[in-house]
Amino acid sequence: MSEQKSKILKCSDYQWESVEKHEYKTEGSGFRDIHRYALLDDQYTDLNFHTRYFEIQPGGYSSLEYHRHPHSVVILRGSGSVVLENEIHPANLHDVVYIAPGTIHQFHADKGGHLGFLCMVDRYRDKPMVPAPETIKKRIQNPEVLDKIRFDREDR
(Lines give C-alpha, C1' and ligand atoms only; values in the text may rest on other atoms or scores of the structure.)
Protein backbone atom coordinates (compact mmCIF):
# COMPACT_ATOMS: atom_id res chain seq x y z
CA MET A 1 0.00 0.00 0.00
CA SER A 2 1.21 3.51 -0.82
CA GLU A 3 2.63 5.67 1.95
CA GLN A 4 1.41 8.71 0.00
CA LYS A 5 -2.04 10.05 0.86
CA SER A 6 -4.44 10.38 -2.07
CA LYS A 7 -5.45 13.94 -2.86
CA ILE A 8 -6.72 16.39 -5.46
CA LEU A 9 -4.68 19.36 -6.65
CA LYS A 10 -7.33 22.03 -7.15
CA CYS A 11 -6.95 24.22 -10.24
CA SER A 12 -8.14 27.75 -10.86
CA ASP A 13 -7.30 29.63 -14.06
CA TYR A 14 -4.55 27.13 -15.01
CA GLN A 15 -2.79 27.36 -11.66
CA TRP A 16 -2.84 24.63 -9.01
CA GLU A 17 -2.97 25.26 -5.29
CA SER A 18 0.33 24.44 -3.58
CA VAL A 19 2.13 24.07 -6.94
CA GLU A 20 4.67 26.75 -7.81
CA LYS A 21 5.04 28.27 -11.25
CA HIS A 22 8.64 27.78 -12.43
CA GLU A 23 10.77 29.03 -15.24
CA TYR A 24 10.73 26.52 -18.08
CA LYS A 25 14.49 25.98 -17.91
CA THR A 26 17.33 27.67 -16.09
CA GLU A 27 19.94 27.46 -18.84
CA GLY A 28 19.96 28.23 -22.53
CA SER A 29 17.95 30.63 -24.62
CA GLY A 30 16.32 28.48 -27.31
CA PHE A 31 12.82 29.04 -25.90
CA ARG A 32 10.55 31.98 -25.22
CA ASP A 33 7.67 32.86 -22.89
CA ILE A 34 7.07 29.46 -21.33
CA HIS A 35 6.58 28.26 -17.74
CA ARG A 36 6.12 24.88 -16.10
CA TYR A 37 4.26 23.45 -13.14
CA ALA A 38 5.45 20.16 -11.63
CA LEU A 39 2.07 18.68 -10.72
CA LEU A 40 3.06 15.12 -9.82
CA ASP A 41 6.82 14.75 -9.52
CA ASP A 42 9.47 13.24 -7.22
CA GLN A 43 7.45 13.91 -4.08
CA TYR A 44 5.04 11.17 -5.28
CA THR A 45 7.50 8.35 -4.77
CA ASP A 46 5.15 5.56 -5.80
CA LEU A 47 4.62 6.97 -9.33
CA ASN A 48 6.83 5.78 -12.18
CA PHE A 49 6.18 8.99 -14.11
CA HIS A 50 6.01 12.76 -13.76
CA THR A 51 3.04 14.89 -14.76
CA ARG A 52 3.86 18.48 -15.64
CA TYR A 53 1.87 21.37 -17.07
CA PHE A 54 3.59 23.75 -19.49
CA GLU A 55 2.10 27.03 -20.60
CA ILE A 56 3.44 29.01 -23.53
CA GLN A 57 2.43 32.66 -23.86
CA PRO A 58 1.21 33.93 -27.25
CA GLY A 59 4.15 33.99 -29.67
CA GLY A 60 6.31 31.81 -27.42
CA TYR A 61 7.81 28.38 -28.01
CA SER A 62 9.52 25.51 -26.24
CA SER A 63 13.09 24.47 -26.93
CA LEU A 64 13.93 22.46 -30.03
CA GLU A 65 15.06 19.12 -28.61
CA TYR A 66 14.93 15.35 -28.67
CA HIS A 67 15.31 12.56 -26.10
CA ARG A 68 15.81 8.81 -25.88
CA HIS A 69 12.54 8.51 -23.93
CA PRO A 70 8.97 8.89 -25.25
CA HIS A 71 6.44 11.24 -23.78
CA SER A 72 2.80 12.05 -24.13
CA VAL A 73 1.18 15.46 -24.25
CA VAL A 74 -2.46 16.52 -23.88
CA ILE A 75 -3.43 20.04 -24.97
CA LEU A 76 -5.48 21.64 -22.17
CA ARG A 77 -5.52 25.29 -23.20
CA GLY A 78 -5.66 27.12 -26.51
CA SER A 79 -4.06 25.97 -29.71
CA GLY A 80 -0.77 26.19 -31.54
CA SER A 81 1.50 24.01 -33.59
CA VAL A 82 3.98 21.24 -32.96
CA VAL A 83 7.09 20.47 -34.97
CA LEU A 84 7.62 16.71 -35.08
CA GLU A 85 10.83 16.07 -36.97
CA ASN A 86 10.20 17.13 -40.58
CA GLU A 87 6.50 18.12 -40.19
CA ILE A 88 4.39 20.84 -38.59
CA HIS A 89 1.09 19.78 -37.03
CA PRO A 90 -1.75 21.89 -35.63
CA ALA A 91 -2.33 21.29 -31.91
CA ASN A 92 -5.82 22.06 -30.63
CA LEU A 93 -7.70 21.75 -27.38
CA HIS A 94 -7.81 18.13 -26.13
CA ASP A 95 -5.51 16.81 -28.87
CA VAL A 96 -3.07 14.14 -27.70
CA VAL A 97 0.50 14.12 -28.99
CA TYR A 98 2.79 11.10 -28.78
CA ILE A 99 6.46 11.99 -29.13
CA ALA A 100 8.46 8.89 -30.00
CA PRO A 101 12.03 8.47 -28.74
CA GLY A 102 14.54 10.42 -30.82
CA THR A 103 11.98 12.76 -32.44
CA ILE A 104 13.10 16.37 -32.81
CA HIS A 105 10.19 18.46 -31.52
CA GLN A 106 9.13 21.98 -30.56
CA PHE A 107 5.81 23.50 -29.41
CA HIS A 108 4.66 26.95 -30.61
CA ALA A 109 1.85 29.20 -29.30
CA ASP A 110 1.37 30.70 -32.76
CA LYS A 111 -2.43 30.95 -33.02
CA GLY A 112 -2.87 34.22 -31.11
CA GLY A 113 -3.40 32.80 -27.61
CA HIS A 114 -1.86 30.65 -24.93
CA LEU A 115 -0.86 27.03 -25.52
CA GLY A 116 -1.08 24.94 -22.35
CA PHE A 117 -0.43 21.23 -22.13
CA LEU A 118 0.09 18.34 -19.76
CA CYS A 119 3.25 16.36 -20.40
CA MET A 120 3.76 12.91 -18.91
CA VAL A 121 7.24 11.35 -18.89
CA ASP A 122 9.04 8.53 -17.14
CA ARG A 123 10.43 9.39 -13.72
CA TYR A 124 13.86 8.14 -14.78
CA ARG A 125 14.73 9.60 -18.16
CA ASP A 126 17.56 11.10 -20.14
CA LYS A 127 18.20 14.83 -20.37
CA PRO A 128 16.91 16.70 -23.44
CA MET A 129 19.40 17.10 -26.26
CA VAL A 130 19.51 20.13 -28.55
CA PRO A 131 20.10 18.99 -32.13
CA ALA A 132 23.37 20.16 -33.63
CA PRO A 133 23.15 22.13 -36.91
CA GLU A 134 24.43 19.09 -38.85
CA THR A 135 21.70 16.91 -37.28
CA ILE A 136 19.04 19.42 -38.29
CA LYS A 137 20.45 19.63 -41.81
CA LYS A 138 20.43 15.82 -42.11
CA ARG A 139 16.98 15.20 -40.60
CA ILE A 140 14.92 18.26 -41.55
CA GLN A 141 14.61 19.26 -45.19
CA ASN A 142 11.09 20.71 -45.17
CA PRO A 143 11.52 24.48 -45.78
CA GLU A 144 8.40 25.29 -43.73
CA VAL A 145 9.82 23.44 -40.74
CA LEU A 146 13.23 25.06 -41.18
CA ASP A 147 11.52 28.46 -41.17
CA LYS A 148 9.42 27.56 -38.10
CA ILE A 149 12.02 26.15 -35.71
CA ARG A 150 13.70 28.50 -33.23
CA PHE A 151 17.04 28.27 -31.47
CA ASP A 152 17.38 31.38 -29.32
CA ARG A 153 15.40 34.32 -27.95
CA GLU A 154 16.51 36.70 -30.69
CA ASP A 155 14.85 34.60 -33.39
CA ARG A 156 11.54 35.76 -34.84
Side-chain angles (χ1 to χ4, degrees), residues 1-131 145 148-153 155-156:
M1 180 171 254
S2 173
E3 295 181 27
Q4 215 74 56
K5 184 180 176 190
S6 298
K7 66 180 180 177
I8 295 175
L9 300 176
K10 289 294 197 178
C11 180
S12 175
D13 197 29
Y14 301 96
Q15 294 188 36
W16 289 261
E17 60 185 42
S18 75
V19 178
E20 289 184 44
K21 176 177 163 179
H22 292 280
E23 292 299 318
Y24 172 59
K25 295 183 178 184
T26 56
E27 295 180 15
S29 62
F31 51 89
R32 188 173 82 197
D33 298 331
I34 180 171
H35 291 92
R36 69 177 172 81
Y37 298 81
L39 302 176
L40 301 174
D41 59 5
D42 286 335
Q43 66 181 318
Y44 298 88
T45 56
D46 52 348
L47 291 175
N48 294 326
F49 58 89
H50 289 166
T51 302
R52 297 137 342 136
Y53 176 75
F54 293 90
E55 187 162 293
I56 307 174
Q57 305 302 306
Y61 48 88
S62 66
S63 57
L64 184 71
E65 61 189 33
Y66 63 102
H67 326 241
R68 289 189 308 259
H69 64 272
H71 48 288
S72 62
V73 170
V74 179
I75 307 300
L76 290 187
R77 183 177 192 186
S79 60
S81 61
V82 182
V83 170
L84 296 174
E85 204 74 19
N86 205 34
E87 301 175 338
I88 302 171
H89 299 272
N92 297 304
L93 192 60
H94 303 140
D95 285 351
V96 177
V97 181
Y98 170 68
I99 302 173
T103 302
I104 295 173
H105 59 281
Q106 186 172 54
F107 288 82
H108 292 261
D110 56 3
K111 304 297 184 210
H114 293 82
L115 177 62
F117 54 90
L118 283 178
C119 179
M120 286 70 67
V121 293
D122 289 340
R123 170 186 294 278
Y124 303 106
R125 60 190 181 276
D126 61 304
K127 297 253 185 233
M129 295 175 276
V130 176
V145 174
K148 180 68 140 176
I149 58 177
R150 300 289 179 256
F151 296 97
D152 57 50
R153 292 182 189 272
D155 283 346
R156 293 175 275 144

Distance-only donor-acceptor hits, side chain of residues 80-89, under 3.5 Å, sequence neighbours excluded:
{"residue": "Ser81", "atom": "OG", "partner": "Asp110", "partner atom": "OD1", "Å": "3.4"}
{"residue": "Ser81", "atom": "OG", "partner": "Asp110", "partner atom": "OD2", "Å": "2.5"}
{"residue": "Glu85", "atom": "OE1", "partner": "Ile104", "partner atom": "N", "Å": "2.9"}
{"residue": "Glu85", "atom": "OE1", "partner": "Arg139", "partner atom": "NH2", "Å": "2.9"}
{"residue": "Glu85", "atom": "OE2", "partner": "Arg139", "partner atom": "NE", "Å": "2.6"}
{"residue": "Glu85", "atom": "OE2", "partner": "Arg139", "partner atom": "NH2", "Å": "3.0"}
{"residue": "Asn86", "atom": "OD1", "partner": "Gln141", "partner atom": "N", "Å": "2.9"}
{"residue": "Asn86", "atom": "OD1", "partner": "Asn142", "partner atom": "N", "Å": "2.9"}
{"residue": "Glu87", "atom": "OE1", "partner": "His89", "partner atom": "NE2", "Å": "2.9"}

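Formation of a donor-acceptor pair under 3.5 Å by the Asp122 side chain with backbone atoms of Phe49 is not found in this model. Between the side chain of Thr51 and the main chain of Met120, no donor-acceptor pair closer than 3.5 Å is present. Under the 3.5 Å distance criterion, the side-chain polar atoms of His69 are left unmatched by any main-chain donor or acceptor of His67. Checked by atom type and distance alone, the side chain of Glu55 never pairs as donor or acceptor with a backbone atom of Gly116 at under 3.5 Å.
Using a 4.5 Å cut-off on side-chain heavy atoms (C-beta onward), Pro90 and Asn92 make contact. Between Pro70 and Ile99 there is no side-chain heavy-atom pair separated by less than 4.5 Å. Counting heavy atoms from C-beta outward, Lys10 and Ser18 have side chains that stay 4.5 Å or more apart. For the pair Trp16 and Cys11, the minimum side-chain heavy-atom distance is below 4.5 Å. His22 places none of its side-chain heavy atoms less than 4.5 Å from the side chain of Tyr37. Contact annotation: the side chain of Val96 never approaches that of Val73 to less than 4.5 Å [non-hydrogen atoms, C-beta and beyond].
Here the closest heavy-atom approach between residue Pro58 and residue Asp33 is recorded as O-OD2, 4.5 Å. Gln106 and Gly30 get closest at one heavy-atom pair: NE2-O, 4.1 Å. Nearest heavy-atom pair across Leu115 and Ala91 is CD1-O, 4.5 Å.
To the nearest 0.5 Å, the span separating OG on Ser62 from CZ on Arg36 amounts to 14.0 Å. Taking OG of Ser63 as the start and CZ of Arg32 as the end, the distance is 14.0 Å to the nearest 0.5 Å. From Phe54, atom CZ reaches atom SG of Cys119 across 5.5 Å, with rounding to the nearest 0.5 Å. Here Ile75 contributes atom CD1 and Leu93 contributes atom CG; the two are 8.5 Å apart, rounded to the nearest 0.5 Å. Expressed to the nearest 0.5 Å, how far CD of Gln57 lies from NE2 of His35 amounts to 7.0 Å. One distance of note links OH of Tyr14 with CZ of Arg77; it measures 5.5 Å at 0.5 Å rounding.
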Before you tell me yes or no, could you show the steps for Leu9 and Val19 under side-chain contact (heavy atoms from CB on, under 4.5 Å), namely the whole-Å CA-CA distance, both residues' side-chain angles and the distance that decides it to 0.1 Å?
CA-CA 8 Å; Leu9 300 176; Val19 178; 4.2 Å; yes

Could you walk me through whether Ser72 and Val97 pass the side-chain contact (heavy atoms from CB on, under 4.5 Å) test, one step at a time?
CA-CA 6 Å; Ser72 62; Val97 181; over 6 Å; no

side-chain contact (heavy atoms from CB on, under 4.5 Å) between Gln15 and Glu20, worked out
CA-CA 8 Å; Gln15 294 188 36; Glu20 289 184 44; over 6 Å; no

Given the rule in the side-chain contact (heavy atoms from CB on, under 4.5 Å) test, do His105 and His71 qualify, once you have shown the distances and angles that lead to the verdict?
CA-CA 11 Å; His105 59 281; His71 48 288; 3.5 Å; yes

Does Phe107 form a ring-ring contact (aromatic ring centres under 6.0 Å, His included) with Phe117? I'd like the steps, not just the answer.
CA-CA 10 Å; Phe107 288 82; Phe117 54 90; 4.4 Å; yes

Please determine whether side-chain hydrogen bond (donor to acceptor under 3.5 Å, both in side chains) holds for the pair His50 and Asp42, giving the CA-CA distance in whole Å, both sets of side-chain angles, and the decisive distance to 0.1 Å.
CA-CA 7 Å; His50 289 166; Asp42 286 335; 2.8 Å; yes

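For Gln43, the CD atom counts as densely surrounded, since its 6.0 Å shell holds more than 12 non-hydrogen atoms of other residues, nucleotides or ligands. More than 12 heavy atoms of other residues, nucleotides or ligands shown are found within 6.0 angstrom of OH on Tyr98.
Salt-bridge annotation for Asp41 and Arg52: absent, with no side-chain N of the basic residue lying under 4.0 Å from a carboxylate O of the acidic one.
Looking only at atom types and distance, the side chain of Lys21 has no donor-acceptor partner in the side chain of Tyr53 under 3.5 Å away. Side-chain atoms of Arg150 and His108 form no donor-acceptor pair, as typed in the model, at a separation below 3.5 Å.
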